[in-house]
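What follows is one structure encoded as structure tokens, with my remarks underneath.
Numbered from 1 within each chain, the chains take letters A, B, ... in sequence-line order.
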Amino acid sequence: MNLLFALVDCNNFYVSCERLFRPDLAGRPIVVLSNNDGCVVSRSAEAKALGVPMGAPWFRVKAQFERAGGVAFSSNYALYADISARVMSVLEQLAPRVEVYSIDEAFADLSGIQAPAALGAHVRATVQRWTGITVGVGVAPSKTLAKLANYAAKRWPATGGVVDLTCPQRRQRLLQRVPVDEVWGIGLRLARRLRGLGIHTAGQLAQANAKVMRRHFSVVMERTICELNGESCLALHQLPEPKRQIISSRSFGGRVSEWQPLREAVSQYAGRAAEKLREQKQYCRLVRVAVRTSPFAMNEPFYGNSAMAELPLPTDDSRELVQAACHCLLHIWRPGLVYQKAAVMLTDFWPPGSFQPGLFEVHESKPRSRALMQVMDRINRSGKGRVFLAAEGTRQGWQMKRAFLSPAYTTRIGDLPRVY
DNA sequence: GCTATTATAGGGCGTTCC
DNA sequence: CCGCGGAACGCCCTATAA
């Protein structure tokens with residue numbers, strides 16, 4: 001049976017989520033900013049028309065954007081995650097096998113479906129009606145081509161938001177028109193190198209010799225070329241792979257120089273990473289902490305460093321992980337610098353009960369650790385308040401900026417939208 | 001004066017083991 | 001006992017994506 005994939009992608013997802021609850025903003029340019037209100041990460045069509053680039057630092061575009069009547073929002077992940085879950089649950093009702101690929105995208109396996117384009121249109125209309133979110137649908141015999149079909153569905157409104165590339169002639173026509181950097185897996189650097197070889201379009205890349213290109217680039221490039229020719233190399237993964245790495249990384253709302261606030265921030269990040277680790281039902285043995293000053297401050301020297309600690313036994317206890325993280329920080333903190341960002345990384349994961357300690361090693365895990373962590377997690381999930389380790393401090397002047405945060409309309413009872 | 005976060009794959013290279 | 005060569009692994013870096 002011939003394989004067939006669909007890629008369903010939400011249009012301007014974060015902006016669309018904000019718009020659901022602000023119909024008064026129809027027609028206005030809207031952007032959503034990254035953490036710390038740093039960069040533009042989602043733009044409405046009006047904001048794109050104003051020429052606001054993706055990833056633009058907010059402080060650079062702010063004045064002009066607001067003069068043009070634009071409205072900015074801070075990232076509201078509680079809202080986006082909830083809307084995303086609703087969209088995905090609609091997809092799972094309409095398609096037999098779905099892979100949630102990111103917060104705003106999903107692949108579906110449509111192999112054996114009689115009228116895939118009609119199903120695509122049905123999915124689009126249903127998601128629109130049930131969630132208010134507009135999606136584009138691309139259908140093709142490989143994931144990379146489905147991505148490309150989705151690009152076409154968004155790029156050309158005449159498609160009605162659904163493009164089916166099952167027909168090889170249609171596929172060829174599209175490939176010739178799409179610049180090579182729009183191909184999934186081809187970023188800035190690879191596109192530059194490809195153009196150096198005279199490859200400017202997706203069609204030209206599809207015609208390159210896969211084996212030769214593997215030698216010049218990598219196995220990823222080889223697969224991309226095969227996929228562009230309709231030969232599926234990337235399977236649908238319905239079940240997410242267990243994570244192999246957990247990172248909690250954040251820029252500070254203000255600059256941090258002193259040991260104490262830096263230690264508190266790193267403690268909070270380690271505590272958050274530990275929570276994520278417990279969600280995954282994993283234990284970890286390696287903790288790495290990284291700090292850096294701003295790479296953009298030309299008048300200060302740049303400093304960036306990281307240190308790693310190995311725990312005697314894999315753990316998921318916040319107290320042990322925070323302690324290990326602070327131990328790392330001690331080795332890399334230098335006085336007299338202005339830090340901009342810190343990160344805590346957990347790696348070397350072990351499923352419960354799988355770790356075999358050395359025969360003569362005697363290491364006790366903390367008593368009642370399990371019960372304590374469960375209580376902490378339960379309280380913090382209840383929405384009634386938050387408990388945390390004192391190591392995080394209570395002043396928290398480094399907390400991230402979110403000046404334009406919208407209410408948690410769908411996840412906090414006090415923030416429910418009111419209709420008068 | 002303000003420039004995001006999180007995750008993965010793969011390559012290169014040095015070390016260790018056999 | 002020594003050296004060679006390949007496998008396996010650790011570590012760091014690059015590239016990519018959303």
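Ranking dT3(B), dT5(B), dA18(C) by closeness to the D104(A) side chain, first place goes to dA18(C). The side chain of R244(A) lies closest to dA9(B), out of dA9(B), dT6(B), dA4(B). Counting only heavy atoms from C-beta on, Q245(A) has its side chain closest to dT8(B) among dA4(B), dT8(B), dT6(B). In this structure, of dT6(B), dA15(C), dA7(B), it is dA7(B) that holds the atom nearest to the side chain of I246(A). The F296(A) side chain lies nearest to dT3(B) when the options are dG11(B), dA18(C), dT3(B).
Put simply, Q340(A) has a side-chain N or O that comes within less than 4.0 Å of OP1 or OP2 on dT3(B). Remark: S218(A) is not in phosphate contact with dA9(B), judged by side-chain N or O atoms under 4.0 Å from OP1 or OP2. Taking only side-chain nitrogens and oxygens, R250(A) comes nearer than 4.0 Å to OP1 or OP2 of dT6(B). Regarding contacts with the backbone of dA15(C), every side-chain N or O of R193(A) stays at 4.0 angstrom or more from both OP1 and OP2.
Formation of a donor-acceptor pair under 3.5 Å by the S232(A) side chain with backbone atoms of S142(A) is not found in this model.
Using bins of under 30°, 30° to 60° and over 60° for the plane-to-plane angle, the ring pair W184(A)/F107(A) lands in the tilted bin. Ring geometry, Y77(A) versus Y14(A): the interplanar angle exceeds 60°, so the pair is classed perpendicular (tilted spans 30 to 60°).
On the P atoms, dT16(C) is 25 Å away from dT3(B), given to the nearest whole Å.
Within 4.0 Å (heavy atoms only), N36(A) reaches no atom of the nucleic acid at all.
The side chain to side chain donor-acceptor pair (under 3.5 Å) test with E99(A) singles out one residue from H237(A), Q238(A), K143(A), and that residue is K143(A).
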